[in-house]
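Worksheet for the structure shown next.
What you are looking at is a predicted structure, and each value in this text was computed from that prediction instead of being measured.
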Amino acid sequence: MSRETLLAALSAVLASVGGSACDGQPAVSGVGEPIQVPGGQFIRGDLPGTAPPVAASGEGADAAPPAPGPQVTNTTLDSTGAVALPGAAGKSISGRTSGAVAVGARFADLGTGYWVVPVAEADSMFPGENAFRFSANFDANDPPGFHNLRIVAIDASGRAGTQADLPLCLAGRIPDNLHACSPGAPPPAAIISLQWDTNFDVDLHVVAPGGLDFSPKRPFGELVDSGGAPDPKLPHIDRDSLAGCTPDGLRQEDLVFQDPPPHGTYFVYADPFAPCGQSSVRFQLSVYQVAGTCPNCALEETFPPRRGELLGIQVTGGVSSGRFVYQFGL
Amino acid sequence: MQPRSLVARATPALIAAFAFPGVARAQNANPSPSPESAPAAAAPSSSEGALREQLDALHDEVQALRTDVEVARSSQQKPAAPPGPRPLGYEVFWPWVLPAEGITTGGYIQGQYESHQDSQDQLFQGGALINQDRFLVRRARASLVGEWEYAAFALELDANTTSGPQVDLRKAEASLQYRPNRTKPPVVMATLGQFDTPFGYEVVESPRTRWFMERSTISRAFWPGEPDLGVRLAGALGFFRWAIAPMNGEPIGEKSPYSAQDPNAAKDVVFHFGFDALPRDDFHVAGGVSAVRGRGFHAGTDATKTVLQWNDSNGDGTVQPFELRGLNPQAATVSQNFDRWAAGLDLRAHVRWWLGVAKVYGELVVGANMDRGMFVANPSPLSGDVDQRELGYVVGLTQEIGRYGVVGFRYDYYDPNLDASDKRVGSLLPFSEAIRTYSPLVGLVVPDHARLLFQYDVIRDSLARSSAGVPADLKNNAWTLRLQVQL
């Protein structure tokens with residue numbers, strides 16, 4: 001083998017490698033995006049296509065008339081309606097397109113990119129149109145309120161048509177009686193909320209004026225009469241998060257006062273009930289009270305959040321109140 | 001044998017010369033009476049001179065013998081000479097390795113840093129790491145090899161941090177062999193234990209001598225780990241090489257709970273027939289054909305208990321009677337076997353020229369339901385018992401740059417499902433799941449002791465989708481910097 005042959009071979013190798021190393025689709029899982037589509041391809045950037053001619057937000061009011069090309073002809077939400085609970089998974093979104101091989105979807109005002117999903121079979125009820133459907137998950141920390149889910153049809157050449165808006169209301173993590181989606185529904189008068197960051201079974205424990213002792217084991221602060229159904233308007237803790245170490249995705253417990261809470265001093269504890277395999281957990285205590293007159297009311301934080309940490313070796317198994325976090329007056 | 005016979009000859013003479021000097025002198029001084037001796041006795045001065053000459057000659061002879069004996073003893077005390085210089089193309093893999101007589105030890109460590117384009121600081125569902133940009137000990141292996149006239153064994157342990165710290169057994173081979181020519185591989189060798197599956201070339205090539213970081217994609221898909229358990233009959237006659245090995249068919253590292261065990265009684269039988277020749281001192285060529293046929297296992301499911309399910313049909317987060325459903329206990333379902341097979345062709349050559357040794361090799365493999373590591377094949381009645389047909393090949397070139405450098409390039413191709421289709425616009429379209437990897441490599445070498453290697457893998461596949469929803473290449477190129485130091 002001559003030196004010239006060797007150099008030629010090396011040049012060919014470098015050229016082939018260099019030419020093939022610079023394209024491709026970046027690997028982005030999309031976890032943490034406000035909307036996630038399992039099985040879809042996440043692509044960073046703006047949704048292709050032209051803005052909707054009549055957008056709910058008015059953003060597209062001045063946009064050009066529908067562009068030629070593939071179109072979204074219909075969008076439908078599943079029977080759960082236009083509200084997505086915090087961290088909801090598996091919300092079905094479907095519709096029809098014409099001239100498209102795929103659809104792209106993202107919130108108009110949230111997120112860093114869009115999801116691409118191939119369209120499905122031809123819709124026999126609508127000749128010339130193909131159905132699309134995908135299942136969407138939502139991040140629990142999405143800002144509550146209405147957001148436009150923007151969907152666009154894309155043809156085989158990558159050309160996108162006119163975007164279509166699908167209004168969707170994202171419920172907030174703080175249980176506000178869906179006030180963010182329906183301003184006519186008043187939020188609770190006060191909420192004491194404990195959130196934490198790992199799958200550690202932490203229990204919110206609140207001792208309220210009058211001696212009521214709230215915890216997930218006693219959500220109403222006292223034992224409920226056998227066979228009786230407590231009034232849901234009574235103050236109560238809304239869930240036992242990580243009960244039995246079963247992840248619920250929220251890691252949050254809230255003491256909800258639908259009516260104004262009793263005046264006095266409240267003592268709040270974070271009870272490390274079981275570590276669930278975790279070595280530590282960091283938590284945050286927040287207290288919210290309604291401000292303003294409904295329907296122009298809103299929940300506001302009473303004081304800045306209080307934070308702390310619990311260790312796996314501090315677990316109580318429920319035999320004590322746990323770690324004292326804060327006391328405050330309402 | 002020569003030193004031993006020399007000692008044998010010299011020892012009695014030495015004993016005679018030093019232990020019984022009087023007898024020696026007497027024999028010399030009192031030769032049997034002869035007619036010629038009488039005049040000598042009559043002339044003492046001349047006979048004394050003759051005797052002195054004889055004594056001096058004898059002394060010289062003894063000194064020479066003593067020197068020979070010392071040389072022979074010193075040569076006997078040296079350890080057994082290792083086999084001669086390794087011929088071109090020599091590679092360490094059983095059963096055709098030529099180990100030193102007796103017990104020998106070995107070991108090497110491969111520490112590396114690797115970076116992957118598709119790494120993210122996130123977790124897969126279930127908790128597996130997406131990030132692969134990291135330092136790791138890829139292999140830290142220690143081996144013990146025993147070689148005797150009719151028996152041999154090989155034991156190798158591996159420690160690594162590839163999936164967290166772990167130590168496992170890589171080789172545990174107990175062999176009986178007939179190896180009349182100690183400079184050549186055994187004519188026949190029967191091995192029972194855990195050994196590398198003798199299919200083709202890549203699976204049995206030692207990671208210690210392989211320049212490229214890992215085996216090709218198809219090799220890693222079919223055999224996630226090289227070792228499996230079984231019995232192997234193998235041998236070498238002239239240039240002819242052969243191996244037949246019934247094995248469990250559940251290699252180490254496969255993505256099933258049955259690795260290094262066997263959920264079915266049927267064994268995978270591996271055949272390899274090939275050649276290994278050195279027609280010239282500067283040219284080596286070897287190759288062969290391989291085949292494997294066996295049975296995979298489709299696991300059934302356990303019986304279930306009663307389950308209460310809640311499906312929040314109206315999305316209000318509240319349990320309502322119509323959203324509750326009870327699932328009755330279900331009976332276990334039956335497990336089933338499925339056939340799998342592969343056939344392969346491998347060829348490699350070494351050429352020594354002015355720049356150093358060049359190595360060219362290639363391997364082609366076709367199979368069905370053999371993927372146990374990447375796109376795992378698991379046909380079942382529910383899927384119509386459709387076989388997953390696979391095809392892959394690899395071609396590679398390495399070139400030593402003098403004694404202290406190496407460059408290389410490898411291209412490998414793997415299509416895990418020749419019948420794959422993609423559903424688009426309601427139609428099933430033929431679709432290639434093929435993965436192509438281009439791997440240039442450069443390295444520095446401390447002969448026999450260390451190598452510092454850098455490899456960049458350009459990976460082209462169809463694991464992503466384009467903005468038009470069409471399968472597209474995923475950016476998942478990778479590079480690895482590895483330092484290997486060996487005993």
| query | Got a sec: does the CG of A/D46 have more than 12 other heavy atoms crowding it under 6.0 Å? | reply | no

| Side chain, backbone, both or neither: which part of A/A100 has a heavy atom under 4.5 Å from chain B? | backbone

| message | Non-hydrogen contacts under 4.5 angstrom with chain B: give the residues of residues 111-125 of chain A involved, or none if there are none. | response | A/Y114, A/V116, A/P118, A/V119, A/A120, A/E121

| message | A quick test of your reading: do over 12 heavy atoms of other residues, nucleotides or ligands sit less than 6.0 Å from CG of B/D302? | response | no

| Between the side chains of B/Q122 and A/S29, is a donor N or O closer than 3.5 angstrom to an acceptor N or O? | no

| note | For B/A468 and A/A102 the tightest heavy-atom approach is O-CB, 3.4 Å

| message | According to side-chain contact (heavy atoms from CB on, under 4.5 Å), who are the partners of B/S427, at least two apart in sequence or on a separate chain? | response | B/L429

| query | If you round to the nearest 0.5 Å, how far is OG of B/S467 from CD of A/Q25? | reply | 7.0 Å

